[in-house]
Every structure is written in C-alpha cells, then in structure tokens.
Amino acid sequence: MRIARFSIDGNVAFGAVEGDGPDGLVLDIIKGIPYAEFELSGTKVPLSKVRLLPPVLPNKVVGIGRNYAEHAAELGNEVPDVPVAFFKPTTSVIGSGDAIEYPSFSQELHHEAELAVVIGRMCREVPRERVKDVIFGYTCANDVTARDAQKREKQWARAKGFDTSCPLGPWVETDLDPGDLTIQATVNGEQRQLGRTSDMIRSIEDLVVHITEAMTLLPGDVILTGTPAGVGPLHVGDEVAVTIEGIGTLTNKVIKRG
C-alpha cells in the first residue's frame with residue numbers, strides 16, 4: 001500500500017494512494033494514523049487536487065554514509081569498518097514538489113539519491129530476525145549535501161543538516177522487498193546516478209540493528225541507507241528527481257535562499 005500525507009483546504013491527512021498514472025491517482029482518506037491499525041474512510045480525492053507533504057514527520061533522520069563502495073571511492077574515501085551514522089534535523093525535511101534552498105555558506109551542493117526506511121513502531125536493540133517487524137515502509141530520499149562544507153568542517157552537521165536538505169516522498173510504500181531495487185537520480189532530465197540496493201555494503205537489517213543498539217527509534221523516524229555512485233552538483237534553477245523502483249519519483253527544484 002502507498003501511504004501519502006497531504007493537505008487540502010487547510011487540513012492535513014493521510015491517504016492510501018490508489019490507481020495508476022499521474023492523472024488517475026486518487027487518495028482514500030485514512031481514519032486515524034497509519035502506524036496503528038486504521039480504516040479507509042471511502043472518501044476519495046484526486047491526487048491532482050491536493051498538495052503532497054513529506055510522507056512522515058520524523059522525530060529524527062539517521063543517515064548512513066559510504067554504504068556503497070563505488071560512491072566511497074568516487075570521493076576518495078575508504079569503506080568504513082563500521083557504519084558511519086549522522087543526523088539530519090526535522091527542519092531539513094521537505095516533501096516532493098517543495099524547493100531545496102541553496103545554502104548561503106556553500107558553493108558546492110550535491111544530490112544523493114537514497115532509499116529511506118520508515119520506522120513503524122517504537123523500538124530499541126532490535127534483533128536481526130525482528131527487523132521487518134519494526135519497519136513501516138520505504139520512500140525516496142535525497143540526502144542533499146553541501147560538499148565543500150562537509151570537506152572543510154569534517155563534522156557533517158551543517159553540510160547535511162541545513163534547512164530543506166532532506167527531501168522525502170512522494171509517499172511510503174508499505175509492501176516492498178528492498179533487497180534489489182533500481183535507484184536513479186536525474187537533474188533536468190539527465191541521468192546522474194543509477195544503482196541498485198543490492199550493492200549496499202551493509203543491509204537494512206545490519207543498519208537497524210546497529211542504530212538501535214545506541215538509540216530508540218520512534219514511529220515515523222527515517223533511516224537513509226546511503227547513495228550509489230554518481231553524485232554531482234546542483235545549481236539554482238535545477239530540477240532534481242530521485243526514482244526508486246516500486247516506489248515512485250521524488251522531485252524538487254533548487255532555488256536561491258531568500
């Protein structure tokens with residue numbers, strides 16, 4: 001099931017996305033919140049009549065760096081012995097169609113297409129065999145990075161945590177095998193990244209176990225699983241799209257911060 005979060009007439013709701021093709025999609029409004037048992041209301045609105053919002057409002061976004069060997073190599077980095085984790089704050093999260101604001105402290109903004117894991121229940125110290133039980137679903141992400149600041153400052157808080165640096169969407173797919181999916185990024189229609197989730201160095205199970213050894217994850221929290229090779233520059237006016245097989249396409253335009 002595809003679960004979207006949206007606004008219409010000033011109201012915010014969750015809905016199940018039904019239909020095929022951009023012109024045939026409708027949202028069946030959900031009663032309650034999707035992390036618990038819920039019912040479909042039967043009230044349906046065309047997707048074209050609503051504004052898509054970030055599909056979740058995470059308490060935290062946990063990113064994983066250098067989880068694809070070719071991406072680590074393209075930036076001159078070794079594959080780390082353990083997963084490299086970092087945080088993106090909630091203020092970095094935007095939805096599909098929202099603008100990425102080019103930060104004033106950077107001259108080298110990069111796209112990073114990623115599969116995002118959405119947590120469905122509060123969990124800590126999750127054993128490997130229970131990982132699937134705590135996952136709500138998957139969505140597309142763009143781990144937008146101020147690459148020059150990342151190199152200059154070493155610590156990644158500003159480089160990866162600035163406002164609008166975490167586009168998520170367009171919705172969460174709850175019924176998906178994430179083991180071998182195509183991930184691609186395009187900029188102004190030109191393909192930049194193309195990889196498969198099967199190329200991850202550490203699996204989703206590895207990442208959930210590793211992260212929850214240290215911290216409690218809450219419903220709606222997001223794990224970014226790393227990006228394949230091909231990251232590259234974004235400029236004001238560019239339109240960047242992240243497409244993941246079985247989920248959909250996340251699209252954002254880059255604007256000058258004003």
Side-chain angles (χ1 to χ4, degrees), residues 1-61 88 90-101 113-121 134-142 144 163-178 181-186 189 218-224 239-255:
M1 182 178 288
R2 293 171 291 179
I3 305 294
R5 182 171 162 269
F6 64 95
S7 66
I8 184 170
D9 298 330
N11 298 308
V12 175
F14 289 94
V17 183
E18 301 176 351
D20 296 304
D23 298 326
L25 295 178
V26 297
L27 292 160
D28 193 335
I29 297 175
I30 289 173
K31 295 179 180 180
I33 59 173
Y35 306 119
E37 291 187 11
F38 63 85
E39 295 180 6
L40 297 177
S41 67
T43 300
K44 300 185 180 184
V45 293
L47 187 67
S48 60
K49 299 296 184 181
V50 309
R51 179 193 170 202
L52 284 178
L53 302 174
V56 291
L57 284 179
N59 174 271
K60 53 189 168 293
V61 177
K88 293 174 86 81
T90 56
T91 48
S92 70
V93 175
I94 59 174
S96 189
D98 292 336
I100 299 167
E101 297 181 357
E114 309 204 8
L115 175 70
V117 180
V118 180
I119 298 299
R121 62 178 64 181
V134 306
I135 293 176
F136 176 63
Y138 305 89
T139 192
C140 304
N142 192 347
V144 184
D163 291 354
T164 73
S165 66
C166 190
L168 298 174
W171 41 65
V172 177
E173 175 56 69
T174 63
D175 184 17
L176 186 70
D177 181 351
L181 304 174
T182 301
I183 302 179
Q184 66 174 327
T186 63
L218 303 175
D221 281 352
V222 170
I223 298 172
L224 307 183
E239 184 175 84
V240 56
V242 175
T243 301
I244 300 180
E245 180 183 358
I247 299 177
T249 299
L250 165 70
T251 303
N252 303 91
K253 191 169 184 177
V254 182
I255 66 170

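This is a predicted model, so every value here is computed, not measured.
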Roughly how far, to the nearest 0.5 Å, is [atom2] of [Y] from [atom1] of [X]?
X	Y	atom1	atom2	value
Ile119	Leu218	CD1	CG	9.5 Å
Leu27	Arg2	CG	CZ	9.5 Å
Thr43	Ile30	OG1	CD1	12.5 Å
Ile29	Ile8	CD1	CD1	7.0 Å
Thr139	Leu168	OG1	CG	6.0 Å

Looking at [X] and [Y], what are the two nearest heavy atoms and their distance?
X	Y	value
Ser96	Asn252	CA-ND2, 4.2 Å
Gly95	Pro54	N-CG, 3.5 Å
Gly169	Leu250	O-CB, 3.6 Å
Val117	Tyr138	CG2-CE2, 3.9 Å
Gly248	Cys140	O-SG, 3.4 Å

_Regarding Asp98 and Arg51, does a basic nitrogen lie under 4.0 Å from an acidic carboxylate oxygen?_
yes
*Evaluate side-chain contact (heavy atoms from CB on, under 4.5 Å) for Phe6 paired with Val17, printing each intermediate quantity in order.*
CA-CA 11 Å; Phe6 64 95; Val17 183; over 6 Å; no
Who passes salt bridge (Lys or Arg N to Asp or Glu O under 4.0 Å) against [X], sequence neighbours left out?
X	result
Arg121	none
Glu245	Arg196
Asp28	none
Lys253	none

Any side-chain heavy-atom pair from [X] and [Y] closer than 4.5 angstrom?
X	Y	value
Val93	Lys88	no
Ile94	Ile100	yes
Leu181	Leu176	yes
Glu239	Thr251	yes
Arg5	Val56	no
Glu173	Ile244	no
Leu115	Pro178	yes

_Checking side-chain contact (heavy atoms from CB on, under 4.5 Å) between Ser92 and each of Pro167, Ser165, Pro58, which is the one that passes?_
Ser165
_The test is side-chain contact (heavy atoms from CB on, under 4.5 Å); show your working for Leu52 and Leu47 and say whether it passes._
CA-CA 8 Å; Leu52 284 178; Leu47 187 67; 3.8 Å; yes
*Would you please name every residue forming a side-chain hydrogen bond (donor to acceptor under 3.5 Å, both in side chains) with Thr164, sequence neighbours left out?*
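Applying side-chain hydrogen bond (donor to acceptor under 3.5 Å, both in side chains) to Thr164 gives none.
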*Could you tell me whether the side chain of Asn59 and the main chain of Asp221 form a donor-acceptor pair under 3.5 Å?*
no
*With Thr174, which residues qualify under side-chain contact (heavy atoms from CB on, under 4.5 Å), at least two apart?*
Met1, Ile3, Phe136, Val172
